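Please see the structure below; I have some questions.
None of these values were measured; they are calculated from a predicted model. Letters A, B, ... mirror the listed sequences (proteins, then strands); counts begin at 1.
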2 protein chains.
Amino acid sequence: MPDATQPTADVAHSAAAPGEGRPRRRYTIGELAKVFEVTPRTIRFYEQEGLLQPERRGQTRIYHEKDRVRLKLTLRGKRLGFSLAEIREVIQLYDNAPDGDERQLRLMLDILADKRAAMQQQLEDIRILQNELDDVEARCQESLAALTRQRNKD
Amino acid sequence: MPDATQPTADVAHSAAAPGEGRPRRRYTIGELAKVFEVTPRTIRFYEQEGLLQPERRGQTRIYHEKDRVRLKLTLRGKRLGFSLAEIREVIQLYDNAPDGDERQLRLMLDILADKRAAMQQQLEDIRILQNELDDVEARCQESLAALTRQRNKD
DNA sequence: GATCAGCTTGACGTTTACGTAAAGTAGACC
DNA sequence: GGTCTACTTTACGTAAACGTCAAGCTGATC
């Protein structure tokens, strides 16, 4: 099932560098994993698939806000049934502002239209499924009410 | 990507039995496959997974309206990122009107609430993703407009 | 009656998205 | 300096959802 749980995803832990204006939060892989309720393995895998590009301090990875946002986007995409490859596409859309080429821009707009159509279809699908759930629930409630009436007859 | 294409799924082919009121449509596996744009293999697999129970005429499968509806439901579920196991659950919810047991009924209502929560989360996810797409599109349009202005300066 | 399209059942292969275990490293603490 | 804990890479394993043969049956048509 597309998991309905969504993390608040804001932890206060690493310190701001002294004399620095913005907090400039940094995360270890374990912290991010805990926050989003995934395993470190998953996060490394996403990196391997080109969805994340954390900084390296020697051998260990250091994640910044950008990475956190990307991970969040990734998990959201997964809840919507996107494959990692598709999510990567979206991410590349997102931070490739193709300023130069007009052909590129038009292509991008086309792709966006496609994604938008997919979203639209999803909305429709959800609407229908919700109706079906309503249906089942109504029948359940009815059965339950019938049972209760039955019992009160005594 | 959750496929945005959705088949109209109404073909006129098999005949109604003579003297019968309703059309009583029947489908071969190939017909269903074509209508929904999946392979026969997929449909057999869904049967193996307990999502479909077509009639058998000797060795060959015969699909009725009920099967068509189930297949449609299944594909809709897939577009929403449900696993086949979860879809089977929903289907069982759908045609198990548990008239008898109160405990069963209450459990069913709980499960329904869960599914409903998942749907709700999906709606939220879609809303957010649509906003992000809007964002990217706006940037694209802006770049494009800038290019056009540039060109018109000549 | 041969051929052909479309159905059937195995059975093994493939992709995706990780899980899991092994073996090593690096910093913090006693 | 030993011990933890949390990180690292490498590598093999696995579940889900089919794809892809292979080999055979079956009804229609030439």
Side-chain angles (χ1 to χ4, degrees), chain A residues 1-3 5 11 13-15 26-64 67-68 70-91, chain B residues 1-3 11 13-15 26-64 67 70-91:
Chain A
M1 179 169 32
D3 193 353
T5 65
V11 171
H13 167 256
S14 349
R26 283 150 35 156
Y27 310 81
T28 71
I29 195 170
E31 287 169 345
L32 266 195
K34 188 166 292 182
V35 168
F36 287 103
E37 298 182 287
V38 297
T39 68
R41 166 67 173 137
T42 298
I43 296 181
R44 291 195 197 99
F45 183 73
Y46 290 170
E47 176 180 353
Q48 181 183 321
E49 295 298 302
L51 297 170
L52 302 172
Q53 288 156 282
E55 189 195 332
R56 290 281 182 147
R57 195 170 197 75
Q59 189 158 240
T60 62
R61 297 166 172 84
I62 300 179
Y63 298 87
H64 299 259
D67 301 303
R68 199 184 60 82
R70 279 196 183 187
L71 180 52
K72 198 169 184 176
L73 183 72
T74 298
L75 296 174
R76 178 151 51 232
K78 283 213 56 190
R79 284 197 301 269
L80 291 175
F82 285 85
S83 73
L84 295 186
E86 291 163 342
I87 294 170
R88 184 175 42 211
E89 265 189 68
V90 173
I91 286 181
Chain B
M1 175 168 38
D3 193 353
V11 170
H13 166 254
S14 351
R26 285 151 32 157
Y27 309 82
T28 70
I29 196 170
E31 286 170 346
L32 266 196
K34 188 165 293 185
V35 168
F36 287 103
E37 297 182 287
V38 298
T39 67
R41 167 63 173 140
T42 298
I43 296 181
R44 291 195 199 99
F45 183 72
Y46 290 169
E47 176 180 353
Q48 180 183 322
E49 294 299 301
L51 297 171
L52 301 171
Q53 288 157 284
E55 189 196 333
R56 291 281 184 147
R57 194 170 199 77
Q59 188 159 242
T60 63
R61 296 165 173 85
I62 300 179
Y63 298 87
H64 300 257
D67 301 302
R70 278 199 183 186
L71 180 52
K72 197 170 185 176
L73 182 72
T74 299
L75 296 175
R76 178 153 50 233
K78 284 213 58 194
R79 283 196 300 269
L80 291 175
F82 285 85
S83 74
L84 295 185
E86 290 163 344
I87 293 169
R88 183 175 44 210
E89 263 190 70
V90 172
I91 285 180

Check every atom of D:dT9, D:dT20, D:dA11 against the side chain of B:R41 and return the nucleotide holding the closest atom.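 Per side-chain heavy atoms of B:R41, the pick is D:dT20.
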Do B:I43 and B:Y63 touch side chain to side chain, with heavy atoms closer than 4.5 Å?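 They are in side-chain contact.
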Between A:R61 and A:E47, is the closest basic N to carboxylate O distance under 4.0 Å?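 Counted as a salt bridge, because a side-chain N and a carboxylate O are separated by less than 4.0 Å.
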Taking the side chain of B:I29 as its heavy atoms from C-beta onward, which of C:dA17, C:dC7, C:dC18 lies nearest to it?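 In terms of side-chain proximity for B:I29, the closest of C:dA17, C:dC7, C:dC18 is C:dC7.
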Side chain of A:R56 only, please: which of C:dT9, D:dT8, D:dG19 is the nearest?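 Minimum distance to the A:R56 side chain belongs to D:dT8.
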Whole Å only: how far is the CZ atom of B:F45 from the C1' atom of D:dA16?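 Taking CZ of B:F45 and C1' of D:dA16, I get 7 Å after rounding.
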How long is the line joining CZ of A:F36 and P of C:dC18, in whole Å?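 Going from A:F36 (CZ) to C:dC18 (P), I get 14 Å.
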For B:R61, report the nucleic acid contact type (base, sugar-phosphate, nothing); a contact means any heavy atom under 4.0 Å.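 Sugar-phosphate contact only - B:R61 comes under 4.0 Å of backbone atoms but never of a base.
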Which sits closer to the 5' end of DNA chain D, B:A85 or B:Q59, going by the nucleotide each is nearest to?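 Upstream on the strand: B:A85.
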Calculate the interatomic distance between A:I43 atom CD1 and D:dT8 atom P; express it in whole Å.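 After rounding, the gap between these two atoms is 10 Å.
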Selection from C:dC18, D:dT9, C:dT9 that lies nearest to any side-chain heavy atom of A:K78: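 Looking only at side-chain atoms, A:K78 lies closest to C:dC18.
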Flag the pair B:D67 / B:Y27 as yes when at least one side-chain heavy-atom distance between them is below 4.5 Å, and no otherwise.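 No - every pair of side-chain heavy atoms lies 4.5 Å or more apart.
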Quick one: A:I62 CD1 to D:dT8 P, roughly how many Å, whole number?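 Distance check: A:I62 CD1 to D:dT8 P gives 10 Å.
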Shortest side-chain distance from B:L84, nucleotide among C:dC18, D:dC7, D:dC18: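 Comparing C:dC18, D:dC7, D:dC18 against the side chain of B:L84, the answer is D:dC18.
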Are any of the side-chain heavy atoms of B:L73 and B:L51 separated by less than 4.5 Å?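 Answer no - side chains too far apart.
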May I ask you to evaluate whether A:Y46 reaches the phosphate of C:dC18, defined as a side-chain N or O under 4.0 Å from OP1 or OP2?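 Yes, A:Y46 has a side-chain N/O under 4.0 Å of OP1/OP2 on C:dC18.
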For B:R57, answer base if it contacts any base atom (sugar-phosphate contacts may also be present), sugar-phosphate if it contacts only those atoms, and nothing otherwise; contact means non-hydrogen atoms under 4.0 Å.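 Counting heavy atoms under 4.0 Å across all strands, no contact is made by B:R57.
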N or O in side chain of A:T60 less than 4.0 angstrom from C:dT25 OP1/OP2: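 Indeed not, no polar side-chain atom of A:T60 lies that close.
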Between C:dC18 (P) and A:E37 (CD): distance, integer Å: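 Taking atom P of C:dC18 as the reference, CD of A:E37 is at 15 Å.
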Using side-chain heavy atoms (C-beta onward) and a distance below 4.5 Å, is A:K78 in contact with A:L84?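 Yes - at least one pair of side-chain heavy atoms lies under 4.5 Å apart.
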With a cut-off of less than 4.0 Å, is there a side-chain N or O of A:T28 near OP1 or OP2 of D:dA6?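 So the side chain of A:T28 is outside the cut-off, no N or O lying under 4.0 Å from OP1 or OP2 of D:dA6.
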Rounding to a whole Å, what distance do you find between B:L51:CG and D:dC18:C1'?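 From B:L51 CG to D:dC18 C1': 13 Å.
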Atom pair distance, as rounded to whole Å: CD in A:Q48 and P in C:dT15: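 About 15 Å, once rounded to whole Å.
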Does a nitrogen or oxygen in the side chain of A:T39 sit under 4.0 Å from OP1 or OP2 of C:dC18?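 No, because none of the side-chain N or O atoms of A:T39 sits under 4.0 Å from OP1 or OP2 of C:dC18.
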Distance, rounded to the nearest Å, where B:E31 contributes CD and C:dG6 contributes P: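 My rounded result for the distance is 11 Å.
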